[in-house]
Amino acid sequence: MENKQAILNFLGIARRASKIVSGQDKLLSEIRNSKVHFLFIASDTGESTKKKFTDKSNYYHVPVNNMYTKEVLSNAIGMKRTIVGISDRGMAKKLVELTNNTKGE
């Protein structure tokens, strides 16, 4: 299976396991409290929002994936979102591995 699709499938599993955080205010709070371990930012997110979350994730050392559009992310989790955080450390670790493998393709 292609890694990009594997990442999306894994994101869907995280959603069903209730291990995602969404909503800008909630996400910012959870990032500050070190409860988000991986972040998806849609590639077509507005510049100010993208900068805000990229800066926050860099400061708090949260890995970021921004290779998917809003539509693709929304389809993967079954609800309209542009930014999605993963709250489970183990799932975040697996997503980092998958993302790093995809960059090499």
**Report entry** Contact summary for Ala14 and Ile86, nearest pair of heavy atoms
**Finding:** CB-CD1, 4.0 Å
Report task. Find the distance between OG1 (Thr99) and CG (Leu95) and round it off to the nearest 0.5 Å. Result -> 6.0 Å
Query raised in the report: Which pairs, with at least one residue in residues 59-101 and sequence neighbours excluded, count as a ring-ring contact (aromatic ring centres under 6.0 Å, His included)?
Result: none
Query raised in the report: Who pairs with Lys35 by side chain to side chain contact (heavy atoms under 4.5 Å, CB included), at least two apart in sequence or on another chain?
Result: Glu30, Asn33
Query raised in the report: Hey, which of Met67, Lys50, Lys52 is the one that makes side-chain contact (heavy atoms from CB on, under 4.5 Å) with Ile41?
Result: Lys50
Query - Heavy-atom closest contact (Leu27 atom, Val84 atom, distance) - result: CD1-N, 4.3 Å
Requested in this report: Could you tell me whether the side chain of Gln5 reaches within less than 4.5 Å of the side chain of Asn9, counting heavy atoms only?
Outcome: yes
Query raised in the report: Which residues pass the side chain to side chain contact (heavy atoms under 4.5 Å, CB included) test with Thr49, sequence neighbours left out?
Result: Gln24, Thr45, Phe53, Ile83
Query raised in the report: Atom OG of Ser74 and atom CE of Met79: how far apart are they, to the nearest 0.5 Å?
Result: 9.0 Å
Query raised in the report: Which side chain to side chain donor-acceptor pair (under 3.5 Å) pairs, counting each pair once, include a residue from residues 87-97, with sequence neighbours left out?
Result: none
Query raised in the report: Any idea which heavy atoms bring Val36 and Gly85 closest together, and the distance?
Result: CG1-CA, 3.9 Å
**Report entry** Residue pairs fulfilling salt bridge (charged side-chain N to carboxylate O under 4.0 Å, His left out) with at least one residue in residues 10-22, sequence neighbours excluded
**Finding:** none
Requested in this report: Show the numbers, then the answer: is there a side chain to side chain contact (heavy atoms under 4.5 Å, CB included) between Val62 and Lys56?
Outcome: CA-CA 8 Å; Val62 177; Lys56 271 294 179 229; over 6 Å; no
Query raised in the report: So how far is it from Asn75 CG to Leu11 CG, rounded to the nearest 0.5 Å?
Result: 11.0 Å
Query raised in the report: Could you give all pairs that pass the salt bridge (charged side-chain N to carboxylate O under 4.0 Å, His left out) test and reach residues 63-81, with sequence neighbours left out?
Result: none
Query raised in the report: Quick one: ring-ring contact (aromatic ring centres under 6.0 Å, His included) pairs with a partner in residues 7-49, sequence neighbours left out?
Result: Phe38-Phe40
Report summary line: Hits for side-chain hydrogen bond (donor to acceptor under 3.5 Å, both in side chains) against Ser57, two or more places apart or cross-chain, chain-then-number order -> none
Report task. Might you confirm whether atom CG of Asn58 has over 12 heavy atoms from other residues, nucleotides or ligands at distances under 6.0 Å? Result -> yes
Report summary line: So CG of Leu73 and OG1 of Thr82: to nearest 0.5 Å the spacing works out to 8.5 Å
Requested in this report: Applying side-chain hydrogen bond (donor to acceptor under 3.5 Å, both in side chains), name anything that partners Lys51, two or more places apart in sequence or on another chain.
Outcome: Asp55
